[in-house]
Number of protein chains: 2
Amino acid sequence: MQKFIKNQLKQKGFKMTNQRKMILQVLENTDTCLSAEEIFMLVKDINPSVCLTTIYRTIEILIKNNLLTKIDVGDNRYRYEIRTNKHHHHAVCLKCKKMICLEGCPMDYFEKQIKDKVNFTITGHRLEFYGYCLECK
Amino acid sequence: MQKFIKNQLKQKGFKMTNQRKMILQVLENTDTCLSAEEIFMLVKDINPSVCLTTIYRTIEILIKNNLLTKIDVGDNRYRYEIRTNKHHHHAVCLKCKKMICLEGCPMDYFEKQIKDKVNFTITGHRLEFYGYCLECK
DNA sequence: GGGTAATTGCAAATGGTTTGCAATTAGATG
DNA sequence: CATCTAATTGCAAACCATTTGCAATTACCC
Ligand SMILES: [Mn+2]
Ligand SMILES: [Mn+2]
Ligand SMILES: [Zn+2]
Ligand SMILES: [Zn+2]
């Protein structure tokens, strides 16, 4: 995957800078979704001379090229998740906003998995479809 | 529904001010989800002397009392939807961010409805469960 | 290694949302 | 109906995640 993303970027004419390498490394070595600030902190652990702006600009590039997903949890701060080849969903804790990645997709499968494996108490869910309406198509 | 919400608020000790009446009226007379700014504009059409702050504070109360839902579409601005007794989902246009309310819930039913009735081209979807994780339960 | 366009860091701007505070008001009480 | 008080409001300022302008730096094609 690491390779795939780097190739995608190179192919589109983006330079593979040290900052971008570090950001990708951080995004690929986490098991949750990270906020810009969290990515920033983790990248600083590798090299303290990075700038938050660079994080945001890299995020923008990745999203525009379908290599990163922007996720909202309702606390005025987005989380980002690097592209995986397995389509999946999340369980979001209303209190600490932690996002637990779930495998697979069909809803009923999920409900069972969440209760049995992840130990997450469901109080509700939200399902949104993305695409284009009649006027914008 | 109008009545139900007012009763809920009164029961919890909130005053039924003119501002709150107008905000509820606006929220109940729309067929999409509105941003705070949009609610503000619509309320100003009724009475120009209202303040955006009041919109936000009312939104906060409604959300805390489960009378309003906060929805994110990815453009740094939340949309709000007044409580309905029919659980339902949305189709969000990636371009204009318009939210089309869908009836019912099961996924397969939706996919058909979206294609046939609402004329919305699906390019993807997101499903999130809300609740509490092991530590926060 | 040199040339050039892309990228970066810094500081400042942006914009949605929140907060402090004094003035106003709903609605309970008599 | 007039009085009282806690809740609510409007205004201005703060907040804070994200974005932008610009000069200095860097990747990478030759
Ligand atoms: Mn899915
Ligand atoms: Mn549902
Ligand atoms: Zn939690
Ligand atoms: Zn549209």
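Not measured: the values here are computed from a predicted model. No hydrogens, no waters, no symmetry mates; every other heavy atom, side chains included, goes into these values. Below, read A as the first sequence line, B as the second, and so on, with proteins coming before strands; counting in each chain starts at 1.
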For [X] and [N], give me the distance from atom [atom1] to atom [atom2], rounded to whole Å.
X        : N       : atom1 : atom2 : answer
Lys44(B) : dG10(D) : NZ    : C1'   : 13 Å
Phe14(A) : dT8(C)  : CZ    : P     : 11 Å
Asp75(A) : dT17(C) : CG    : P     : 13 Å
Tyr78(B) : dG16(C) : OH    : C1'   : 10 Å
Asn76(A) : dT18(D) : CG    : P     : 9 Å
Asn18(A) : dT26(D) : CG    : P     : 10 Å
Glu60(A) : dT8(C)  : CD    : P     : 12 Å
Leu34(A) : dT18(D) : CG    : P     : 13 Å

So which nucleotide from [options] ends up closest to the side chain of [X]?
X        : options                   : answer
Ala36(A) : dC28(D), dT18(D), dC22(D) : dT18(D)
Lys15(B) : dG16(C), dA26(C), dC11(D) : dA26(C)
Thr54(A) : dT8(C), dT19(C), dT18(D)  : dT8(C)

side-chain hydrogen bond (donor to acceptor under 3.5 Å, both in side chains), paired with Asn65(A), selected from Glu60(A), Arg83(A), Gln8(A), Lys12(A):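 The residue from Glu60(A), Arg83(A), Gln8(A), Lys12(A) that satisfies side-chain hydrogen bond (donor to acceptor under 3.5 Å, both in side chains) with Asn65(A) turns out to be Lys12(A).
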
If you round to the nearest 0.5 Å, how far is CE of Met22(B) from CG of Leu42(B)?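 Leu42(B) atom CG to Met22(B) atom CE measures 12.0 Å (nearest 0.5 Å).
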
Residue met sooner reading DNA chain D from 5', once Gly13(B) and Leu52(B) are mapped to nucleotides: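 So the residue in question is Gly13(B).
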
5' priority, DNA chain C, between Arg77(B) and Met16(B) [closest heavy atom]: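 Checking each residue's closest nucleotide, the 5'-ward one belongs to Arg77(B).
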
Let me spell it out: for each of Ile61(A) and Tyr80(B), pick the nucleotide of DNA chain C with the closest heavy atom. Which residue's pick is nearer the 5' end?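 Its nearest nucleotide lies further toward 5', so the answer is Ile61(A).
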
So what does Ser49(B) hit on the nucleic acid, given a heavy-atom distance under 4.0 Å: a base, only sugar-phosphate, or nothing?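 Contact class for Ser49(B): sugar-phosphate only.
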
Verify the contact: side-chain N or O of [X] to OP1 or OP2 of [N], cut-off strictly under 4.0 Å; return yes or no.
X        : N       : result
Tyr56(A) : dT19(D) : no
Gln19(A) : dA27(D) : no
Thr17(A) : dT7(C)  : no
Arg20(B) : dT8(D)  : yes

For the residue pair [X] and [Y], what are the closest heavy atoms and their distance?
X        : Y        : result
Arg79(A) : Cys33(A) : CB-CB, 3.6 Å
Lys15(A) : Arg20(A) : O-NH1, 2.9 Å
Leu62(B) : Ile5(B)  : CD2-CG2, 4.4 Å

